[in-house]
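Keep in mind that the numbers below use all heavy atoms, side chains included, and drop hydrogens, waters and symmetry copies. All values reported here derive from a predicted model rather than from experimental measurement.
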Amino acid sequence: MSNEAPNQARVIPLRPQSVRPGTARPVSERPATTPPREPADRQTTREPLWRDLVGDVLRRERLAQERTLKDVADAARISMPYLSEVERGRKEASSEVLAAAAHALGLGLGDLLSLAQGELTRHAARSRRAVPGSPYNGMCLAA
């Protein structure tokens, strides 16, 4: 029978770790619960995620039309909680879902992607001003 507690998880390392002399415990580079930290200058210039940009565009268009989340979700034939998650950038929606949401708002998928690309371009322009000497002069996104 095992000496381990019944509800205790056992960790199996994916790669071998060096062992500290005289002990059976591996030497770790950092505690397992601490995520790697980015330098302070990279945190302020982080590019937005595509799902955040698309979600912002969907929400802005829905609010500009003074429509409810339920109304747009019903018209797009997707669930209201899922559309909410997409608008908040919590879900990476498929192209079918994005097309349905865009059409429910009277937009084509190309229109939605074009608006999101404009947001990304504006963010990149602000970031270039904040980070002099950036090697990128512009962005191109084909839909």
Colleague: Which pair of non-hydrogen atoms, one from His103 and one from Leu109, has the smallest distance, and what is that distance?
Modeller: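 Closest approach of His103 to Leu109, heavy atoms only: NE2-N, 4.4 Å.
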
Colleague: Does Arg51 reach the main-chain N or O of Glu92 with its side chain, forming a donor-acceptor pair under 3.5 Å?
Modeller: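 Side chain of Arg51 to backbone of Glu92: no pair is present.
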
Colleague: Hey, what do you get for CD (Glu87) to CG (Leu83), rounding to the nearest 0.5 Å?
Modeller: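 Result: 4.5 Å between the selected atoms.
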
Colleague: Taking all atoms of both residues into account, what is the closest heavy-atom pair of Ala102 and Gly108, and its distance?
Modeller: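 For Ala102 versus Gly108, the nearest heavy atoms are CB-O, 3.8 Å.
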
Colleague: Would you name the heavy atoms of Leu112 and Leu98 that are closest together and state the gap between them?
Modeller: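 Reported closest heavy-atom pair: CD2-O, 3.8 Å.
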
Colleague: Can you see which heavy atom on Ala116 is nearest to which on Leu53, and at what distance?
Modeller: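 Minimum heavy-atom separation between Ala116 and Leu53: O-CD1, 4.0 Å.
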
Colleague: Return yes if some donor-acceptor pair links the side-chain N/O of Ser84 with the main-chain N/O of Met80 below 3.5 Å, else return no.
Modeller: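 Pair absent, no side-chain N/O of Ser84 close to backbone of Met80.
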
Colleague: How many angstroms lie between atom CG of Leu113 and atom CG of Leu120, to the nearest 0.5 angstrom?
Modeller: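 Reported to 0.5 Å precision, the distance equals 12.0 Å.
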
Colleague: Distance check, rounded to the nearest 0.5 Å: Glu119 atom CD versus Trp50 atom CH2?
Modeller: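 It comes to 10.0 Å.
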
Colleague: Where do Leu115 and Glu61 land on the side-chain contact (heavy atoms from CB on, under 4.5 Å) test, with the steps shown first?
Modeller: CA-CA 10 Å; Leu115 291 168; Glu61 288 298 317; 3.9 Å; yes

Colleague: List the steps and the verdict of side-chain contact (heavy atoms from CB on, under 4.5 Å) for Leu69 and Arg59.
Modeller: CA-CA 9 Å; Leu69 196 60; Arg59 177 167 282 173; 5.6 Å; no

Colleague: Walk me through it: do Glu85 and Arg90 pass the test salt bridge (charged side-chain N to carboxylate O under 4.0 Å, His left out)?
Modeller: CA-CA 5 Å; Glu85 294 281 302; Arg90 303 266 175 118; 5.2 Å; no

Colleague: Any Lys/Arg nitrogen of Lys70 or Asp74 sitting under 4.0 Å from an Asp/Glu carboxylate oxygen of the other?
Modeller: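 Yes.
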
Colleague: Please check: side-chain N/O of Arg67 versus main-chain N/O of Ala104, any donor-acceptor pairing under 3.5 Å?
Modeller: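 Checking the backbone N and O of Ala104 against the side chain of Arg67, a donor-acceptor pair under 3.5 Å is found.
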
Colleague: May I ask you to decide if Leu105's main-chain N or O and Gln65's side chain share a donor-acceptor pair within less than 3.5 Å?
Modeller: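 Yes: the side chain of Gln65 pairs with the backbone of Leu105.
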
